[in-house]
Amino acid sequence: MSRILIVEDEAIIRSALRRLLERHDYEVSEAGSAEEAETLDLADFDLIISDLRLPGEPGTHLIQAAAPAPVLIMTSYASMRSAVDSLKQGAVDYVAKPFDHAELLETVARILHQQSMQHSPPPDITDDGGGRQTMIGNCVAMQQVYTRIRKTAPADVTVLILGESGTGKELVARALHQQSKRAKAPLICVNCAAIPETLIESELFGHEKGAFTGASAARTGLVEAADGGTLFLDEIGELPLDAQARLLRVLQEGEIRKIGSVETRHVDVRLIAATHRDLRALSKSGEFRLDLYYRLNVMQIELPPLREREDDVLEIADILLDKACKRHDRQGLRLSRAARHELRDYPWPGNVRELENALERGVILAEGHLIHPDDLGLAPVSHRPTPAASPPPSAASADTLQPGAEDDDLSLEDYFQHFVLEHQDQMSETELAQKLGISRKNLWERRQRLGIPRKKTARRPS
């Protein structure tokens, strides 16, 4: 049960809010001021809801005192000035009084859900060589992935992993297997795109001697080899229709029949599939069986592309750089400030795989102890805007960038949406966050909540 502290000097509002939250199974405590709240152990609370204007210290005083617990600010002064100031100081969000009960409950539930996801550690994974590795990244999107892995792995259901090439879909499959009840049984990984169409059925389901030309001996298929364990089919969108029909029978009946055999065998296999393609769209064009899609899509895990993972890029880069330095015996190499800036702002169409290749080039080509942008070998992104191209928030643009008295009734969401849509063509995500006085993480979360897509960076000519 989540614990919430209400800090409000008006007893009537405090009591009403307490009853509302307790009716929805939250454990609630009260305080009439920031000073009274600090006499409690703030670390015991999952969320603090505080009025902005309190006797003595304002509600924003609790933001630092209660960290890392999030603070949701309530204010009767629903102006841009007070709301933006609260967010600049680190409030997780704000609500305007008098507040709508449903909206408040939805906000509380969302904040608590985000907090719970942030407590999911990256899973440890053992690779084929027996080495240990950990999935890297702490952005909100990856926290959601870790949470989904933790909840899905023990459930022994079919999982569909979605994501662009190079995002680490096989790592997720390994984590699911190693956290499942089948961890001691085999994990068989198959790249459906790497096997010729004429051989895929034989590879997956096996064949009898003489079943076709060249079948000089009977062969056990990979599905049967995974019996009792997990079968991971990467790029399942490339699987031919005949093989799809056979795979559907495995999922429906738990049975396989080798090519050239009249006998069926029972298998107990957990299937994990991955693709970068839209299987539903492929089913409409007849390239993928719709009934198989529904069988696969019991649980879904979507991996974010690297360009949407905020500062994870630099964290991943540091780890990959260390590995590349060891491989090439170039200990002590570091990324220059310009190179780190280049890595952070590059769109990474090839995701982590492309990042790894760029760092490999940098280690090989670098002279001295620093890797510079030219060493990375990244082609310039066409028409990438520079900060100088964006008009500064001066008096000339105060009507759009600085909320004046006539804007006091403008909601924070309206201002945020207006500012981002107007300036995202000229500013990077970091610059947008700085101008708004919020973190890149907060900027990403608000984009998601308000449905504002990021400006797509122009693709480089091939």
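Everything quoted here is computed from the prediction, not taken from an experiment.
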Hey, does Gln64 have a side-chain heavy atom less than 4.5 Å from the side chain of Val71?
no
Should Arg182 and Asp156 count as an ion pair when the cut-off is N to O under 4.0 Å?
yes
Counting N and O atoms only, with roles assigned by atom type, does the side chain of Asn351 sit under 3.5 Å from a partner on the main chain of Pro305, one being a donor and the other an acceptor?
no
CG/Leu222 to CG/Leu233 distance, rounded to the nearest 0.5 angstrom?
9.0 Å
So Leu5 and Leu47, do their side chains get closer than 4.5 Å, heavy atoms only?
no
Full working for side-chain contact (heavy atoms from CB on, under 4.5 Å) between Thr167 and Arg353
CA-CA 8 Å; Thr167 50; Arg353 195 174 294 125; over 6 Å; no
Restricting to non-hydrogen atoms, name the atom on Ala173 and the atom on Phe232 that form the minimum distance, rounded to 0.1 Å.
CB-CD1, 3.5 Å
Below 4.0 angstrom, N of the basic side chain to O of the carboxylate: do Arg174 and Glu170 qualify?
yes
Can you tell if the side chain of Ile236 reaches within under 4.5 Å of the side chain of Arg277, non-hydrogen atoms only?
no
Other residues, nucleotides and ligands only: do more than 12 of their heavy atoms fall within 6.0 Å of CD on Glu197?
no
Within the distance-only criterion (no hydrogens, no angle test), does the side chain of Asp93 pair as donor or acceptor with the backbone N or O of Leu72 below 3.5 angstrom?
no
Test item: Arg270 side-chain N/O and Leu231 main-chain N/O as donor-acceptor pair under 3.5 Å:
no
Among pairs that include at least one residue of residues 165-210, which meet ring pair (Phe, Tyr, Trp, His ring centres under 6.0 Å), considering only residues two or more places apart or in two chains?
His207-Phe212
What distance separates Glu22 CD from Tyr26 OH, expressed to the nearest 0.5 Å?
12.5 Å
Do any N or O atoms from the side chain of Thr147 and from the backbone of Gln143 form a donor-acceptor pair under 3.5 angstrom?
yes
Atom CZ of Arg334 with >12 non-hydrogen neighbours under 6.0 angstrom
no
Spacing of CD belonging to Glu238 relative to CD belonging to Glu287, to within rounding of 0.5 Å
9.0 Å
Would one find more than 12 heavy atoms of other residues, nucleotides or ligands at under 6.0 Å from atom CD of Gln300?
yes
Verify the neighbour count for atom CD of Glu263: are there more than 12 heavy atoms of other residues, nucleotides or ligands below 6.0 Å?
no
Taking the side chain as every heavy atom from C-beta outward, state whether Thr264 and Ile256 have any atom pair closer than 4.5 Å.
no
Over all heavy atoms of both residues, which pair between Val269 and Ala226 is shortest? Give the atoms and the distance, please.
CG2-O, 3.7 Å
Would a 4.5 Å heavy-atom cut-off, applied to side chains only, mark Cys189 and Asp234 as touching?
no
Would you sort out whether Glu203 and Val190 count as a side-chain contact (heavy atoms from CB on, under 4.5 Å), showing the intermediate values?
CA-CA 9 Å; Glu203 287 289 318; Val190 184; over 6 Å; no
Hey, mind stepping through Glu255 and Val250 against side-chain contact (heavy atoms from CB on, under 4.5 Å) and telling me if it holds?
CA-CA 5 Å; Glu255 293 179 346; Val250 174; over 6 Å; no
Assess, by modelled atom type and distance only, whether the side chains of Asn191 and Glu235 contain a donor and an acceptor separated by less than 3.5 Å.
no
Report yes or no: does Ser261 contribute a side-chain atom to a donor-acceptor pair with the main-chain N or O of Lys258 at less than 3.5 Å?
no
Taking Arg340 as the fixed residue, which of Asp318, Asp345, Ile371 is the one that meets the side-chain contact (heavy atoms from CB on, under 4.5 Å) rule?
Asp318
Which pair of heavy atoms, one from Gln244 and one from Arg289, lies closest together, and at what distance?
OE1-N, 2.8 Å
Asn357-Glu360 side chain donor-acceptor pair, cut-off 3.5 Å
no
Note: Val145 and Val172 closest approach over all heavy atoms is CG1-CG2, 4.4 Å
Under 3.5 Å donor-acceptor, Trp348 side chain and Val313 backbone:
no
Do other residues, nucleotides or ligands put more than 12 heavy atoms under 6.0 Å from His328 NE2?
yes
If only atom types and distance count, is the side chain of Asp227 paired as donor or acceptor with the main-chain N or O of Val267 below 3.5 Å?
no
Lys/Arg-Asp/Glu bridge criterion (N-O < 4.0 Å) met for Arg219, Glu208
no
In terms of heavy-atom contacts, Ile136 and Ile319 come closest through CD1-CD1, 3.4 Å
Donor-acceptor check, side chain of Ser285 to backbone of Leu282, threshold 3.5 angstrom: yes or no?
yes
Drop me the distance from Glu253's CD to Leu248's CG, to the nearest 0.5 angstrom.
9.0 Å
For Ala324 versus Val363, what's the shortest heavy-atom pair and its separation?
CB-CG2, 3.8 Å
Atom CG in Leu359, atom CG in Leu321: separation rounded to 0.5 Å?
6.0 Å
Around Arg265, counting heavy atoms of other residues, nucleotides and ligands shown, do more than 12 lie under 6.0 Å from its CZ?
no
Just how far is it from atom CD1 of Ile161 to atom CD1 of Ile272, taken to the nearest 0.5 Å?
6.0 Å
side-chain contact (heavy atoms from CB on, under 4.5 Å) partner of Ile49, the single match among Val7, Val108, Ile111
Val108
Answer yes or no: is there a side-chain heavy-atom contact under 4.5 Å between Asp100 and Leu104?
no
Which is it for Gln89 and Ser86 under the side-chain contact (heavy atoms from CB on, under 4.5 Å) test, yes or no, and what are the steps along the way?
CA-CA 5 Å; Gln89 295 181 58; Ser86 298; 5.7 Å; no
Asn297 side chain near Leu279 side chain, heavy-atom distance below 4.5 Å
no
Within the 4.5 Å heavy-atom criterion, are Asp291 and Arg295 side-chain neighbours or not?
no
Tell me whether Arg327 at atom CZ has more than 12 heavy atoms from other residues, nucleotides or ligands lying less than 6.0 Å away.
yes
Salt bridge or not for Glu164 and Arg307, using N-O below 4.0 Å?
yes
